[in-house]
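Single-structure report; data block below.
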Amino acid sequence: MKYNHRIYQISIYLKIFVAIQFNLVFVSCEDFIAVEPPNNQLTGSIVFEDPTTVRAALSSVYSDLRDNSLLTGGTSGLSYIMGHYADELTFHNSYQIETKSFYENGVLPTNSIISSWWNSAFSLIYSANSVIEGVSNSKTLTSTEKKEFLGEAYFIRAYIHFQLVNLYGKIPYIDTTDYTKNKGVSKLSEPEVYTKIIADLNLSKSLLKETNTTLNTIPNKWICTAFLARVHLYAKNWDLALKEATAVLSANTYALNTDISNVFLKNSPETLWQLDTGNNGSNTVEALTYIFVSGPPPHTSLTNDFIASFEDGDSRFEHWIGKVSDGTNEWYYPYKYKINSASGETKECSIFIRLPELYFIAAEANIHLNHLVNAQHQLNIIRKRANLPSLDSTDPTFLLEALYKEKRIEFFTEQAHRWFDLKRTNRALEKLNSLKPNYKETEQILPLPASELLLNTNLLPQNEGY
């Protein structure tokens, strides 16, 4: 009877907590920074004294990350929006006015997508900070349990701040739930933000285990190491980027999927981190977003410029690109995720980190470190899998251009890889000016939400050009 009562008690706490987390996603940044959180002791006392409810809290964060944040695979997510902002996607839906402004490079600080991304991101950061504080103060969780939960929460906090700094430039780094500290936060420079992201990831890496029992849906040490490699690459810490990427590649925990058609299945050996769909039998939002069966496209299609960038014989074109024709016109769409309906069991999950990225990180770092033969070898591994001939030059300029092209093909419409690469390598103006005549260099950074600047003047000035 005591056991049944305990299960019932946990069930009630879980329902209350998930309701609170659900509501946090939809409150704006000003709500949690400028308005004191609800007066209750739930997150500070009950939830974080039992591993079952802590796991439920983190599961809620992952669900929100997948469904209600800038990282969703739907039409409000980074992949879709920044695919139009860059040179991956052609926009066809005149009703999506806010998205159209991205496609036409006319984004304003009042754009609802700008504020939605900001608010949902900081809500997730608030949730991660709540877990960090609650778990740290817990009197009943074991040391092992604390390490696991804290490692995940630090990873999430770093992961979200990374997206924000690459979209908005200077941003605040929120590391507490304390209302009095958060209500007047100021922006940090991008190097300062990167320093904090790296510190969080190093801490996360020291806490997480190398393996877990899930289907790569919960961050582990290798997932954290892989993302740390990406962060070091963006920060131009070439030695450290190479070190972290090499650690993952040498671990033999993951392997490239030699069958291109199976790369995006849920059990693919090259998937480091993916998020489950929430319901067995459901598949990805990405497939629903991009697949269409008749023309003209209802929302979007791949640009002609992107389609023309494939080399003859590239097996990624055959397996990752879909085509629709009306007899006169042809349109192409991303066909990485192929199942756009329910199935007997889930077959595809939204993937956030794949092993090929580590080959690209290592290759790029090696080019900058003048380890050119190693860089050539790493690029040729990816090309061989795509059924392409090996690169025969070790000229650094040639290798860097080859790397950018390969990565564009490999990661199209995946979490804004293309846009972020154009931005961080200062190639956005060069590559987009001919496709987008109104493109300005200041548009490499999005505007800060107008509502946030009215609320907190410490976030001023607005980003240049807006």
**Study point:** Step-by-step side chain to side chain contact (heavy atoms under 4.5 Å, CB included) determination, T284 to I351
**Key:** CA-CA 9 Å; T284 69; I351 299 171; over 6 Å; no

State whether the side chain of [X] and the backbone N or O of [Y] hold a donor-acceptor pair below 3.5 Å, judged by distance alone.
X    : Y    : result
S101 : E98  : yes
K407 : H417 : no
S120 : S116 : yes
S127 : S123 : yes
Q274 : K266 : yes
N366 : N374 : no
T300 : T90  : yes
N380 : L391 : yes
D87  : T303 : no
T72  : G77  : no

Review point. For the rings on H84 and F102, is their centre-to-centre separation under 6.0 Å?
Key: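 No, the ring of H84 stays outside the 6.0 Å limit from the ring of F102, centre to centre.
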
Review point. Ring centroid separation for F264 and W320, is it under 6.0 angstrom?
Key: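 They qualify: ring centres under 6.0 Å apart.
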
Indicate yes or no: does [X] engage [Y] in a salt bridge with an N to O separation below 4.0 Å.
X    : Y    : answer
R354 : E414 : yes
R385 : E270 : yes
K323 : E330 : yes
E430 : R427 : no
E357 : R230 : yes
K431 : D305 : no

Practice item. Please step through side chain to side chain donor-acceptor pair (under 3.5 Å) for the pair S261 and D259, ending with a clear verdict. Key: CA-CA 5 Å; S261 64; D259 186 344; 2.6 Å; yes

**Study point:** Steps toward side chain to side chain contact (heavy atoms under 4.5 Å, CB included) verdict (I382, R316)
**Key:** CA-CA 11 Å; I382 300 299; R316 291 169 296 194; 4.0 Å; yes

Any idea how [X] and [Y] line up, ring-wise: parallel (<30°), tilted (30 to 60°), or perpendicular (>60°)?
X    : Y    : result
F352 : Y159 : tilted
Y80  : Y290 : tilted
F122 : H161 : perpendicular
F420 : F162 : perpendicular

For a quick test of reading the model, state the closest non-hydrogen atom pair linking [X] to [Y] and the distance between them.
X    : Y    : result
K170 : K187 : O-CD, 3.4 Å
I156 : A128 : CG2-CB, 4.2 Å
A375 : I367 : CB-CG1, 3.5 Å
N280 : G344 : ND2-O, 4.2 Å
G295 : V324 : N-CG1, 3.5 Å

Review point. Applying side chain to side chain donor-acceptor pair (under 3.5 Å), which residue pairs with at least one partner in residues 191-204 are found, sequence neighbours left out?
Key: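 As it turns out, the side chain to side chain donor-acceptor pair (under 3.5 Å) pairs with a partner in residues 191-204, which skip direct neighbours, are R157-D200, N166-Y194, Y173-D200, S189-E192.
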
Point to revise | Ring-face cation contact, F412 with K336, 6.0 Å cut, 45° max | key: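 Flagged: K336 positioned over aromatic ring of F412.
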
Practice item. For the pair E152 and Y154, evaluate side chain to side chain donor-acceptor pair (under 3.5 Å) and give the outcome as yes or no after the intermediate values. Key: CA-CA 6 Å; E152 292 177 47; Y154 282 118; over 6 Å; no

Donor-acceptor pairs are to be reported for all side-chain atoms of residues 457-466 against protein atoms at under 3.5 Å, with residues two or more places apart or in another chain.
residue, atom, partner, partner atom, Å
N458, ND2, G184, O, 2.5
Q462, OE1, L448, N, 2.8
Q462, NE2, L448, O, 3.0
N463, ND2, Y168, O, 3.0
N463, ND2, L446, O, 2.7
Y466, OH, I445, O, 2.8

Check your understanding: Do the non-hydrogen side-chain atoms of V107 and I114 ever get within less than 4.5 Å of each other?
Key ->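 A side-chain contact exists here, since the closest heavy-atom pair is under 4.5 Å.
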
Practice item. Please tell me if the side chains of W118 and P449 come closer than 4.5 Å, counting only heavy atoms from C-beta onward. Key: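 Touching, per the 4.5 Å side-chain cut-off.
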
**Study point:** D421, I361, V165, I197 screened by side-chain contact (heavy atoms from CB on, under 4.5 Å) with Y234, the one that passes
**Key:**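 Passing option: D421.
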
Only pairs under 3.5 Å count here: list side-chain donor-acceptor contacts from residues 215-227, not counting sequence neighbours, and write none if there are none.
residue, atom, partner, partner atom, Å
N216, ND2, T271, O, 2.9
T217, OG1, T214, OG1, 3.4
N220, OD1, W222, N, 3.0
N220, OD1, I223, N, 2.9
N220, ND2, E210, O, 3.2
N220, ND2, Y254, OH, 3.4
T225, OG1, K221, O, 2.7

Practice item. Before giving the answer on side chain to side chain donor-acceptor pair (under 3.5 Å), spell out for T75 and H299 the whole-Å C-alpha distance, their side-chain angles and the decisive distance to 0.1 Å. Key: CA-CA 9 Å; T75 57; H299 302 296; over 6 Å; no

Practice item. Evaluate side chain to side chain donor-acceptor pair (under 3.5 Å) for E286 paired with S350, printing each intermediate quantity in order. Key: CA-CA 7 Å; E286 284 86 348; S350 297; 2.8 Å; yes

**Study point:** side chain to side chain contact (heavy atoms under 4.5 Å, CB included) between D276 and T346, intermediate numbers included
**Key:** CA-CA 9 Å; D276 69 51; T346 296; over 6 Å; no

